[in-house]
K.L.:
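Questions regarding the structure given below will be posed in turn.
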Amino acid sequence: MNDAMPIGTDLLVLAGHTAAGKPTLAAHLAKVLGGEIISADSRQVYRGMDLGTGKDLVDYRIGDFTVPYHLIDILPAGQRYSLYDFQRDFQTVYQDIHSRGKLPLLCGGTGLYTESVLKGYFLPDAPVDPEFRLSLAKQSDGELTELLKSMVPLHNQSDTTDRERLLRALEIARNAPFREHPVASVFPMKAQVFILFFDAESRRKRITERLSQRLESGMIEEVQALLKTVKPEDLMYYGLEYKYLTLYCIGKISYEEMFNSLNTAIHQFAKRQMTWFRGMERRGIPVHWIPGELPLNEKLDLILTS
RNA sequence: GGUACCAUAGCUCAGUUGGUAGAGCAACGGACUGAAAAUCCGUGAGUCCGUGGUUCAAAUCCACGUGGUACCA
């Protein structure tokens with residue numbers, strides 16, 4: 001491990017909004033520090049979802065050196081992946097990297113995933129339980145919501161928007177009290193957190209330009225190929241690019257509508273990411289902010305001397 | 001050139017018989033523990049095209065001007 005990082009740092013985190021240039025910076029950091037990248041991206045886990053997720057694997061190649069990366073391309077498109085899966089996979093990979101004497105570098109734009117690691121969220125194992133679900137079958141959504149409220153504090157509305165989520169939330173809630181700590185937890189670790197960002201105006205400009213580029217580079221063809229094996233509704237479930245490009249591919253919206261709506265949706269997403277990262281800092285996680293306009297070597301210096 | 005219609009928030013438009021304005025979208029801020037690229041909450045903003053006139057009072061009625069749209073020559 002490199003002496004530039006403070007003694008005891010066992011995880012380096014690089015977060016930031018979409019289109020901020022995380023992969024390039026992460027790759028150079030990993031090369032300099034002898035590190036390996038762990039992706040914190042809820043969509044790049046899927047194979048075949050590349051342009052749409054901004055999966056720029058070429059950025060992980062610097063000259064003839066390829067930075068090792070993890071939690072990318074681990075599932076076929078169409079499957080489900082969740083916070084729980086991520087946290088479990090992260091722990092496995094993290095320990096593996098450490099056992100080989102390398103520095104893990106968590107890099108990605110999914111704020112919830114990143115924070116679940118930094119805060120060491122306690123996520124008990126909660127398998128789907130058909131018997132338990134059957135026992136709730138006669139109760140209304142309203143009754144189930146009340147039941148859930150009596151078991152755990154509600155985080156927001158999202159657990160109660162539909163029955164499927166309600167049942168799942170109840171299943172999880174009833175497992176929570178029985179386990180004090182997750183088994184073989186790697187938390188808490190000593191992490192250094194860096195967030196790469198641009199001001200709102202250039203952020204939007206970069207997103208729009210990148211969208212045009214990706215459309216020209218075959219993003220539509222990527223979605224068409226995915227639609228051969230994945231149902232439209234399952235692909236749209238992934239949101240953003242996959243939602244709007246699917247709607248375009250199945251003829252529900254025009255090209256212009258697709259471009260404009262998607263562009264706006266990505267802008268809004270990037271804004272939400274920034275809200276999350278600011279909140280993360282407010283919630284007590286020390287953050288170093290890295291302005292995106294800086295040249296690469298200055299960004300590296302800034303991080304390596306922090 | 002003539003006739004008709006239109007001109008209100010960044011955009012698309014509402015605005016009853018005259019009482020100094022409002023929705024949706026966008027923008028901005030926030031929340032967030034098993035879908036998180038999801039889901040949800042909140043906020044601001046307008047010389048109501050211009051100038052005159054009628055009136056206690058005009059986005060609203062009248063005249064003229066400007067710009068746009070459609071049709072007729």
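Throughout, a chain's letter reflects where its sequence line sits, starting with A, and its residues are numbered from 1.
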K.L.:
Whole-Å distance between B/rG29 P and A/R282 CZ?
P.N.:
11 Å
K.L.:
Under 3.5 Å, is there a donor-acceptor pair between the A/Y248 and A/E256 side chains?
P.N.:
no
K.L.:
Do A/D41 and A/T110 have a side chain donor and acceptor closer than 3.5 Å?
P.N.:
no
K.L.:
A/Y237 near the nucleic acid: base, sugar-phosphate alone, or nothing, with a heavy-atom cut-off under 4.0 Å?
P.N.:
base
K.L.:
Can you tell me which residue pairs pass the salt bridge (charged side-chain N to carboxylate O under 4.0 Å, His left out) test with a partner in residues 261-288 of chain A, sequence neighbours excluded?
P.N.:
A/E115-A/R283
K.L.:
With rounding to whole Å, what would you report as the distance between B/rG24 and B/rC62 at their C1' atoms?
P.N.:
34 Å
K.L.:
Looking at every strand, decide which applies to A/D85 at a 4.0 Å heavy-atom threshold: base, sugar-phosphate, or nothing.
P.N.:
nothing
K.L.:
Does a nitrogen or oxygen in the side chain of A/R278 sit under 4.0 Å from OP1 or OP2 of B/rC28?
P.N.:
no
K.L.:
Across the strands shown, which category fits A/Q268 at heavy-atom distances under 4.0 angstrom: base, sugar-phosphate, nothing?
P.N.:
sugar-phosphate
K.L.:
Report yes if a donor N or O on one partner sits less than 3.5 Å from an acceptor N or O on the other, where the partners are the side chain of A/R165 and the base of B/rA35; otherwise report no.
P.N.:
yes
K.L.:
Which of these nucleotides, B/rA31, B/rA35, B/rA37, is closest to any side-chain atom of A/T275?
P.N.:
B/rA31
K.L.:
Using atom CG of A/L75 as one end and atom P of B/rA35 as the other, report the distance to the nearest whole Å.
P.N.:
14 Å
K.L.:
Take N1-N3 plus N6-O4 or O6-N4 for Watson-Crick, N1-O2 plus O6-N3 for G-U, both under 3.5 Å. Which runs of 3 or more such pairs involve RNA chain B?
P.N.:
B:1-7 with B:66-72, B:10-13 with B:22-25, B:27-31 with B:39-43, B:49-53 with B:61-65
K.L.:
Expressed as a whole number of Å, how far does the C1' atom of B/rU43 sit from that of B/rC48?
P.N.:
23 Å
K.L.:
Taking B/rA58 as the reference, what is the distance to B/rU20 when you measure between their C1' atoms (whole Å, please)?
P.N.:
9 Å
K.L.:
Can you tell me how far P of B/rA38 sits from CD of A/E233, to the nearest Å?
P.N.:
18 Å
K.L.:
C1' atom, B/rU60 versus B/rG53: distance in rounded Å?
P.N.:
15 Å
K.L.:
Quick check: on RNA chain B, is the nucleotide nearest A/W276 upstream (toward 5') of the one nearest A/R203, or the reverse? Name the residue that is more 5'.
P.N.:
A/R203
K.L.:
Would you say A/T264 reaches B/rA26's phosphate, i.e. side-chain N/O to OP1/OP2 under 4.0 Å?
P.N.:
no
K.L.:
Using atom C1' of each nucleotide, how far apart are B/rC61 and B/rU17 to the nearest Å?
P.N.:
12 Å
K.L.:
Have a look at A/R88 and say if it touches a base, only the backbone sugar-phosphate, or nothing, with a 4.0 Å heavy-atom cut-off.
P.N.:
nothing
K.L.:
Under the ring-ring contact (aromatic ring centres under 6.0 Å, His included) definition, can you give me all pairs with a residue in residues 131-150 of chain A, not counting sequence neighbours?
P.N.:
none
K.L.:
For B/rG18 versus B/rC56, give the span between their C1' atoms, rounded off to a whole number of Å.
P.N.:
12 Å
K.L.:
Please work out if A/R80 contacts a base, only the sugar-phosphate, or nothing of the nucleic acid, heavy-atom cut-off 4.0 Å.
P.N.:
nothing
K.L.:
To the nearest Å, give me how far apart NZ (A/K271) and P (B/rA26) are.
P.N.:
11 Å
K.L.:
Within the structure, does a side-chain N or O atom of A/R283 lie under 4.0 Å from either OP1 or OP2 of B/rC32?
P.N.:
yes
K.L.:
On a whole-Å scale, what distance lies between the C1' atoms belonging to B/rA59 and B/rG15?
P.N.:
9 Å
K.L.:
How long is the line joining CD of A/E115 and C1' of B/rC32, in whole Å?
P.N.:
9 Å
K.L.:
If you look only at pairs with a residue in residues 285-306 of chain A, which of them pass as a ring-ring contact (aromatic ring centres under 6.0 Å, His included), with sequence neighbours excluded?
P.N.:
A/F194-A/H288, A/F197-A/W289
K.L.:
Rounded to whole angstroms, how far apart are CE on A/M274 and P on B/rA27?
P.N.:
16 Å
K.L.:
Looking only at heavy atoms, what is the nearest atom pair of A/C107 and A/A26, with distance?
P.N.:
SG-CB, 3.7 Å
K.L.:
Within this structure, what is the CZ-to-C1' distance between A/R272 and B/rA37, rounded to whole angstrom?
P.N.:
7 Å
K.L.:
Think A/Y242 has a side-chain N or O under 4.0 angstrom from the OP1 or OP2 of B/rA37?
P.N.:
no
K.L.:
Taking atom C1' in both B/rG22 and B/rU8, compute the distance separating them and give it to the nearest angstrom.
P.N.:
10 Å
K.L.:
Partners of A/F259 by ring pair (Phe, Tyr, Trp, His ring centres under 6.0 Å), sequence neighbours excluded?
P.N.:
none
K.L.:
Report yes if a side-chain nitrogen or oxygen of A/T53 is closer than 4.0 Å to either non-bridging phosphate oxygen (OP1 or OP2) of B/rA37; otherwise report no.
P.N.:
no
K.L.:
Round to the nearest Å and state the distance from A/Y121 atom OH to B/rA36 atom C1'.
P.N.:
11 Å
K.L.:
Would you say the side chain of A/L71 lies within less than 4.5 Å of the side chain of A/Q44, judging by non-hydrogen atoms?
P.N.:
no
K.L.:
Quick one: which residue pairs count as a salt bridge (charged side-chain N to carboxylate O under 4.0 Å, His left out) with a foot in residues 69-86 of chain A, not counting sequence neighbours?
P.N.:
A/K55-A/D73, A/D85-A/R88
K.L.:
Mind checking if A/G111 touches a base, just sugar-phosphate, or nothing, with heavy atoms under 4.0 Å?
P.N.:
nothing
K.L.:
So, does A/S42 get its side chain near the phosphate of B/rA37, meaning an N or O under 4.0 Å from OP1 or OP2?
P.N.:
yes
K.L.:
For A/T18 and A/R210, does a side-chain donor sit closer than 3.5 Å to a side-chain acceptor?
P.N.:
yes
